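When a residue number appears, it is its place in the shown sequence, counting from 1. Just so you know, these numbers come straight off a predicted model, no measurement behind them.
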Amino acid sequence: MKPVSDILNHLPPGARPITQDASGRLTVPDRPAVGYIEGDGTGPDIWRASRLILDAAVDKAYGGARRVEWLELMAGEKAYEATGQVLPEETLKNIADLKVAIKGPLTTPVGKGFRSVNVTLRRRLDLYACIRPVRWLIGVPSPVNHPEKVDMVVFRENTEDVYAGIEWPAGSPEAAAVVEFLNGRLGAGIAPGAAIGIKPMSEAGSKRLIRRALDFALAKGRRSVTLVHKGNIMKYTEGAFRDWGYQLAASEYAGRVVREGERPAPGQVVIQDRIADNMFQQALLRPQEYDVLATPNLNGDYLSDALAAQVGGLGMAPGANIGDSAAVFEATHGSAPKYAGMDKVNPSSVVLSGVMLLEHLGWTEAADLIPRALSRAIMGGRVTYDLARQIGGAMEVPCSAFAAQVVENL
């Protein structure tokens with residue numbers, strides 16, 4: 001399969017594009033064209049299962065009056081085999097044109113080879129908000145005593161910080177030149193021969209992420225937005241992230257957002273901040289006190305995975321990467337190539353990311369059916385291997401069989 005360069009002129013009969021007005025509001029037809037990327041490794045297995053569930057939920061909710069027209073887009077190993085590129089330019093254009101897409105896991109080599117396709121997608125399409133809702137589903141095994149207390153949504157900045165980082169290896173001429181400049185001109189005192197990394201964080205990039213978190217909290221009736229940072233040490237990057245958040249709240253949200261310590265009126269949201277390492281402790285000891293988290297990139301990376309572990313792990317964790325003009329929903333786990341083609345891996349991460357996609361379309365009736373059906377299937381005790389080894393008396397079933405049970409429980 002070759003990627004299509006102008007996908008809007010190659011829609012299947014009856015499919016219609018999603019459009020967007022100047023304010024960012026989507027207009028979604030009854031048969032919207034939505035892109036999908038199967039993913040590498042186990043991606044094809046979990047996408048087949050996920051699509052079965054998503055399509056069944058839409059059909060159940062709307063009695064056949066609505067359906068998603070899924071259009072395959074190329075990325076990762078499959079794209080490389082077909083085109084010699086892991087992320088063809090046509091795929092980026094197609095996602096921008098379609099406005100909405102979902103993807104399975106894509107493989108990224110560690111320490112060598114091409115840079116992460118996931119990171120490239122986010123940066124090229126300016127998908128600046130990585131959104132990770134973390135909530136426990138009844139029946140899912142957890143390593144903590146009270147996973148039901150966790151109900152947070154992490155808004156992680158997706159284009160700056162380490163994702164825009166520049167590095168030079170230890171002993172390289174480039175690193176030596178930077179060290180010489182920093183030591184000679186600025187008196188930095190860096191050891192000769194050190195590796196060097198730079199992480200940029202901007203006011204505009206930070207504020208637009210925090211703005212999206214505040215808008216979400218206000219729209220969904222959430223209680224608080226917590227700015228998570230390491231500003232006690234990195235005062236002019238992460239400390240600035242905190243300061244910019246408070247400035248934004250004061251300048252654009254007066255009367256709707258109050259600072260911690262003030263008594264909020266009904267409908268108001270509290271903005272507060274926590275040092276990153278303290279927030280990790282709070283997430284374990286007092287998760288019920290936190291609601292929406294807004295974080296720079298690296299803090300959000302660690303924290304969203306740690307929170308996911310409390311409610312069952314990455315296999316149960318959905319995610320979305322959203323910008324002002326496009327959104328890509330994705331599995332939050334890796335491609336697990338050793339299980340490729342074995343019909344074995346839990347599809348729930350992609351399924352729950354599909355729930356976020358349906359909510360993004362405004363199809364909440366279909367979205368609301370799926371988490372309950374997942375819970376009922378898990379409590380039935382016939383589950384994929386990752387859950388079966390944690391649930392006493394459970395029976396391991398293939399990914400496809402688990403998906404069929406979810407459909408039965410819709």
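Counting only distance, with no hydrogens or angles, the side chain of Ser353 and the backbone of Glu330 share a donor-acceptor pair below 3.5 Å. Between the side chain of Thr332 and the backbone N or O of Pro318, no donor-acceptor pair lies under 3.5 Å. Ser375 places a side-chain N or O within 3.5 Å of a backbone atom of Ile138 that can act as its donor or acceptor partner. A donor-acceptor distance shorter than 3.5 angstrom exists from the side chain of Gln268 to the backbone of Ala265, with no hydrogens or angles considered. Under a 3.5 Å cut-off, the side chain of Tyr246 and the backbone N or O of Asp273 do form a donor-acceptor pair. In this structure, the side chain of Ser348 does not engage the main chain of Met316 through any donor-acceptor pair within 3.5 Å.
In this structure, the separation between CE on Met152 and CZ on Arg132 is 13.0 Å, given to the nearest 0.5 Å. If you take CD1 on Ile322 and CG on Leu125, they are separated by 13.0 Å, rounding to the nearest 0.5 Å. Residue Asp243 holds its CG atom at 12.0 Å from CD of Glu238, rounded to the nearest 0.5 Å. Atom OG1 of Thr226 sits about 12.5 Å away from atom CZ of Arg242, to the nearest 0.5 Å.
Tyr339 pairs by the ring-ring contact (aromatic ring centres under 6.0 Å, His included) definition with Tyr385, not counting sequence neighbours. Partners of Phe280 under the ring-ring contact (aromatic ring centres under 6.0 Å, His included) rule, at least two apart in sequence or in another chain, do not exist in this structure.
Residues Lys207 and Glu203 are paired through a salt bridge, judged by an N-O separation under 4.0 Å between the basic side chain and the carboxylate. Under 4.0 Å is where a charged nitrogen must lie from a carboxylate oxygen, and between Arg286 and Glu289 at least one such pair does. Arg51 has no carboxylate O lying under 4.0 Å from a charged side-chain N of Glu38, or vice versa, which leaves the two without a salt bridge. A salt bridge is absent between Lys199 and Glu167: the closest approach of a Lys/Arg side-chain nitrogen to an acidic carboxylate oxygen does not fall below 4.0 angstrom. A salt bridge does not link Glu359 to Lys220: none of the charged nitrogens lies less than 4.0 Å from a carboxylate oxygen.
Residues Leu127 and Thr159 form no side-chain contact, since every pair of their non-hydrogen atoms from C-beta on lies 4.5 Å or further apart. Side-chain contact between Thr384 and Lys344: absent, with no pair of heavy atoms (C-beta onward) separated by less than 4.5 Å. Using a 4.5 Å heavy-atom threshold, the side chains of Pro287 and Asp151 count as separate. Between Val153 and Phe216 the shortest side-chain heavy-atom distance falls below 4.5 Å. Contact of the Ile271 side chain with the Leu248 side chain is not registered, since no non-hydrogen atoms from C-beta on lie closer than 4.5 Å. At least one side-chain heavy atom of Met201 sits under 4.5 Å from a side-chain heavy atom of Pro296.
In Gln288, the CD atom is crowded: over 12 heavy atoms of neighbouring residues, nucleotides or ligands sit closer than 6.0 Å. Residue Lys60 qualifies as open at atom NZ: its count of foreign heavy atoms under 6.0 Å is 12 or below. By the 6.0 Å contact criterion, CD on Glu262 is enclosed, its count of non-hydrogen atoms from other residues, nucleotides or ligands being greater than 12. For Tyr80, the OH atom sits in a loose shell: 12 or fewer heavy atoms of surrounding residues, nucleotides or ligands are nearer than 6.0 Å. The local environment of CZ in Arg211 is crowded, with over 12 non-hydrogen atoms from other residues, nucleotides or ligands closer than 6.0 Å. Around the CZ atom of Arg16, the shell of radius 6.0 Å holds no more than 12 heavy atoms that belong to other residues, nucleotides or ligands.
The cationic atom of Arg66 (NZ for Lys, CZ for Arg) lies less than 6.0 Å from the six-membered ring centre of Tyr62 and within 45° of the ring axis.
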Please test Arg208 against Asp126 for side-chain contact (heavy atoms from CB on, under 4.5 Å), starting from the C-alpha separation and ending with a verdict.
-> CA-CA 12 Å; Arg208 66 179 182 174; Asp126 202 24; 2.7 Å; yes
